[in-house]
Amino acid sequence: MAEEKRPRKGLNLNRVDMPRQDPKERIKNFNEVALGYTEEMAIAEAERCLQCKRPVCIDGCPAEVKIPEFIKLVTEGKFVEASRKIKETNALPAVCGRVCPQEEQCEILCVLHKKGAPVAIGRLERFVADYEARVGAVEIPELPPSTGKRVAVVGSGPAGLTVAADLALMGHEVVIFEALHKPGGVLVYGIPEFRLPKSIVQREVDYIQKLGVKLYCDVVIGKTFTIDDLLNEEGFDAVFLGLGAGLPWFLNIPGENLNGVYSANEFLTRNNLMKAYLFPEYDTPIKVGKKVAVIGGGNVAMDAVRTSLRLGAEEAHIVYRRSRVEMPAREEEIENAEAEGVIFDFLVNPVEILGDENGWVKAMKCIRMELGEPDESGRRRPLPIEGSEFIMEVDTVVVAIGTGANPLVPSTTPDMETNKWGYIVADPETCKTTKRGVFAGGDIIRGSATVILAVGDGKKAARAIDQYLRTGEW
Amino acid sequence: MFRVVRKREWHPTITELWVEAPRVARKYRPGQFVIVRVDEKGERVPLTVVDANREEGTVRLLFQKVGKSTFHLSLLNPGDAIADVVGPMGRPTHIEDFGTVVCVGGGVGVGPLYPIAKGMKGAGNRLISIIGARTKELLILEDEMRAISDELIVTTDDGSYGMHGFVTDALKQVLDRDEKVDMAVAIGPAIMMKFVARTAEPYKVPLIVSLNSIMVDATGMCGACRVSVGGTTRFVCVDGPEFDGYQVDYDLLIKRQQMYLDKEKEALERFKRQHPEAFQGVC
Ligand SMILES: Cc1cc2nc3c(=O)[nH]c(=O)nc-3n(C[C@H](O)[C@H](O)[C@H](O)COP(=O)(O)OP(=O)(O)OC[C@H]3O[C@@H](n4cnc5c(N)ncnc54)[C@H](O)[C@@H]3O)c2cc1C
Ligand SMILES: Cc1cc2nc3c(=O)[nH]c(=O)nc-3n(C[C@H](O)[C@H](O)[C@H](O)COP(=O)(O)OP(=O)(O)OC[C@H]3O[C@@H](n4cnc5c(N)ncnc54)[C@H](O)[C@@H]3O)c2cc1C
Ligand code: SF4
Ligand code: SF4
Ligand code: FES
């Protein structure tokens, strides 16, 4: 009796861990590393949520997921309803639940974060989305009557998919144009199968198509059509550009064009989009030697280095010019890489790639670095230590130092402004570009960012496009 | 889906396909190419658009069977579908009335050369064409090239037809004449373009070449196609495929083309076992 009078159950700080494939096994396959919650685990984790009156967690979610509401449904065992609750605002729950940097978004704001054990919102999101799909209960919400307005969405990454879904739910006709032969953007060509299975991306795309969105792959805007073609000949009332930031940067050091040197984009695209790991059943080849060096310290570098292990590299290194704390990759992915046996060479920077007589990489000349004063990003600036050069023998090098804006669309749209880095200039609140009727969001306005920020832009843009289509006001 | 509507076998190793791709046909300009993926498991390979029929909504592809993808494509017949045809990619050729233009094509390079030569002629240039092949049977598009050229010189390496020698020999003869040449365009194997550049350089004739590096996306996203031009790294798919013929590092291009030789061989051997019919008449 006395117990019942206690105001609430004590805080439960036992965050339910998510099972993963054993590292020794998983480096031999491309199956997903994280295995997801069971129903019992999901309920146990959901019960930790305090159902705050003022749920601050939501402030961290650009997709405006109704976090406590869906979690409550989980505690009641209503998993399908929980998934539908999320989809009211976020068309990509199975994707976001997996790759969102939750620890910096919703979970960092959760009141339990201060106690060191935020509710595992992402894992729950992933669980309910997978559950809904597994039991085959995916349902299409009722759509409003057609407005008769047509919107072209360029690019089928998370920004494009989100804007398409939201506009369809508002009654507009939406057509997505994608340059590659498969939709999903970085979700299909960049992020590996072992972190985000492609069947899951396809599932979310299928859902968006079921909302009535038309999707044409193999159409390169700037080539097959220009923006003006879309607005004039093709009769679209507005255009959204979700082009991503797909132009790979190289180091600009000697030897970078040797055989065996890849951009991370090429390395990952061959493997993920083109399925080189299934060669020769699939036609696209990839070359991975015995000792691989991946240059960079972000998510992309982690994905590349872990891919190289799965392709049979005996030794896989991360070569990063700062130290562990400055690495931009998600902590979870760094830990996964460590568990899989990746070797981290911190405070090392390549200065030259050396080749053999046939034009193949055989080694990398590197220099050791030390950290100086913080730079504009707040991270301590790496400085070379004079005379510390050394040779590192490698036969494959993957450059993962970031990407920039692809000029295909801007160069064929002269009346749309870009900034000095080539990114499209857009209002952060409405995603409006400087060209009437044209909106842009995701990496093409931000530089390489995250899935959830692209989703957030998609949502903002959809509202602004709807407004524009209804009022005609720019 | 992109349907094959016509097919012509020029030689057991050279096939021509006309393929339905109305959007590409509408936008296409000489010098541009498409990315083709034969089926769900296929590789993305670049092929030049040799011609386009806007009314019919078709593009003409002409290719040499060198590996799995091209042998596979050669098995398709009218009515069959190709999974993907994307484009038109790359920058169109800069075509204007330069005066006198020499167009040099080697092997299947004559295919990509043809629309450019036609464009040059259409712009008012005097057109001298030089086309070559190893042997008579491998010569393509001779009649079409003759029809658009003010002068056509044919060479074969073995002397089985036309002038005995390489296209560079014919080019040297043309450049040694009294006539001023204002522009040269050369398309063919990398090694041929390298020697065309060597031949033409002393005559200070501006030279354009079209590079055939390995590609994946062809949208500027991967860097697989990178080449060195004038000491800077350029992407063939978006910055090219045409570049100043005197600035290209051909040796690097040739080395990079060989990056997957062993894998390509493996894929081809496997395809040969599965589809011996694709290899009839090929030695
Ligand atoms: C390897 C890798 C791992 C990552 N890991 C994470 C992670 O764990 N968590 C996270 O939050 N973020 C991660 N990111 C970043 C995240 O994927 C991106 O921020 C996000 O995908 C950006 O979305 P987007 O919609 O703006 O563009 P993209 O996903 O880049 O999609 C753009 C799409 O537009 C198409 N396109 C481009 N130009 C044209 C054109 N002219 N015509 C037609 N189509 C065109 C492209 O082909 C592409 O499909 C990762 C990125 C990479 C590369
Ligand atoms: C812009 C451009 C236009 C081209 N136009 C034509 C054309 O009109 N007709 C024609 O016959 N050929 C053309 N090529 C070359 C053609 O793309 C290759 O011959 C073809 O990809 C070979 O594929 P495969 O699978 O049959 O051979 P593989 O066994 O894969 O390779 C054989 C050789 O082809 C080259 N190659 C392989 N994969 C690729 C790839 N993805 N991209 C480019 N080259 C590759 C390599 O150098 C390799 O040594 C063009 C290439 C480029 C870049
Ligand atoms: S979408 Fe991302 S930020 Fe939003 S609730 Fe889900 S995991 Fe958190
Ligand atoms: S802040 Fe944390 S505990 Fe509160 S509602 Fe959100 S997830 Fe639940
Ligand atoms: S083929 Fe990928 S950038 Fe050119």
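Order of the sequence lines sets the chain letters (A, B, ...), proteins ahead of strands, with each chain counted from 1.
- A:Thr224 contributes a side-chain N or O that, together with a main-chain N or O of B:Gly87, makes up a donor-acceptor pair within less than 3.5 Å.
- Rounding to the nearest 0.5 angstrom, the gap separating the CE atom in B:Met259 from the CG atom in A:Asn358 is 13.5 Å.
- If you take CD1 on A:Ile286 and NZ on B:Lys263, they are separated by 8.5 Å, rounding to the nearest 0.5 Å.
- Below 30°, between 30° and 60°, or above 60°: for B:Phe235 and A:Phe250 the angle between ring planes is above 60°, a perpendicular geometry.
- For chain A, no part of B:Phe271 is nearby; none of its heavy atoms comes within less than 4.5 Å.
- Enclosure of atom NZ in A:Lys198 by more than 12 non-hydrogen atoms of other residues, nucleotides or ligands within 6.0 angstrom is indicated.
- For the pair B:Lys255 (side chain) and A:Leu258 (backbone), a donor-acceptor distance under 3.5 Å is absent.
- Side-chain atoms of B:Arg270 come within 3.5 Å of backbone atoms of A:Pro280 as a donor-acceptor pair (strictly under, hydrogens ignored).
- For chain B, the option among A:Thr226, A:Thr284, A:Asn259, A:Val220 with the highest count of heavy-atom pairs below 4.5 Å is A:Asn259.
- Counting only heavy atoms from C-beta outward, the side chains of B:Val86 and A:His181 never approach each other to under 4.5 Å.
- Of the atoms belonging to A:Val399, not a single heavy atom falls under 4.5 Å from chain B.
- Two residues are said to be in side-chain contact when any heavy atoms from C-beta on lie closer than 4.5 Å; A:Asp218 and B:Arg23 fail this criterion.
- Between the side chain of A:Asp283 and the backbone N or O of B:Ser69, no donor-acceptor pair lies under 3.5 Å.
- Here the side chains of B:Met221 and A:Leu247 are not in contact, with every heavy-atom distance at 4.5 Å or above.
- In this structure, SG in B:Cys222 is found 13.5 Å from CZ in A:Phe267, a value given to the nearest 0.5 Å.
- Looking at B:Val45, there are no atoms closer than 4.5 Å to chain A (heavy atoms on both sides), in backbone or side chain.
- Interface remark: of the candidates A:Asn257, A:Asp229, A:Asn265, A:Asn257 forms the most heavy-atom pairs closer than 4.5 Å to chain B.
- Heavy atoms closer than 4.5 Å to chain A are found nowhere in B:Leu253, neither backbone nor side chain.
- Among B:Ala83, B:Ala267, B:Gly90, the residue making the largest number of heavy-atom pairs under 4.5 Å with chain A is B:Gly90.
- Atom OG1 of B:Thr233 and atom CG of A:Asn252 lie 7.0 Å apart (nearest 0.5 Å).
- Heavy atoms closer than 4.5 Å to chain A are found in the side chain of B:Arg26, but not in its backbone.
- The CD atom of B:Glu43 lies 14.0 Å from the OH atom of A:Tyr282; values are rounded to the nearest 0.5 Å.
- The environment of NZ in B:Lys7 is crowded: more than 12 heavy-atom neighbours from other residues, nucleotides or ligands sit within 6.0 Å.
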Yes or no on side-chain contact (heavy atoms from CB on, under 4.5 Å) for A:Lys287 and B:Asp262, after CA distance, side-chain angles and deciding distance? CA-CA 10 Å; A:Lys287 288 283 249 189; B:Asp262 54 340; 2.8 Å; yes
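- Contact residues of residues 29-38 of chain B toward chain A are B:Gln32, B:Arg37 (heavy-atom distance under 4.5 Å).
- The NZ atom of A:Lys223 lies 13.0 Å from the OH atom of B:Tyr28; values are rounded to the nearest 0.5 Å.
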Chi angles and distances behind the salt bridge (Lys or Arg N to Asp or Glu O under 4.0 Å) call for A:Lys275, B:Glu40: CA-CA 10 Å; A:Lys275 304 222 179 298; B:Glu40 265 317 297; over 6 Å; no
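- In terms of heavy atoms, B:Gly223 sits closest to A:Pro248 at N-CG, 4.1 Å.
- Ranking A:Thr403, A:Val261, A:Val219, A:Leu273 against chain B, the residue ahead of the rest is A:Val261, based on heavy-atom pairs under 4.5 Å.
- No side-chain donor-acceptor contact under 3.5 Å links B:Thr219 and A:Asn406.
- The contact between A:Leu408 and chain B is made entirely by side chain atoms (from C-beta outward), counting heavy-atom distances below 4.5 Å.
- Although no hydrogens or angles enter the test, the distance criterion places a donor-acceptor pair under 3.5 Å between the side chain of B:Arg226 and the main chain of A:Glu256.
- Residue B:Asp249 does not touch chain A at all, counting heavy-atom pairs closer than 4.5 Å.
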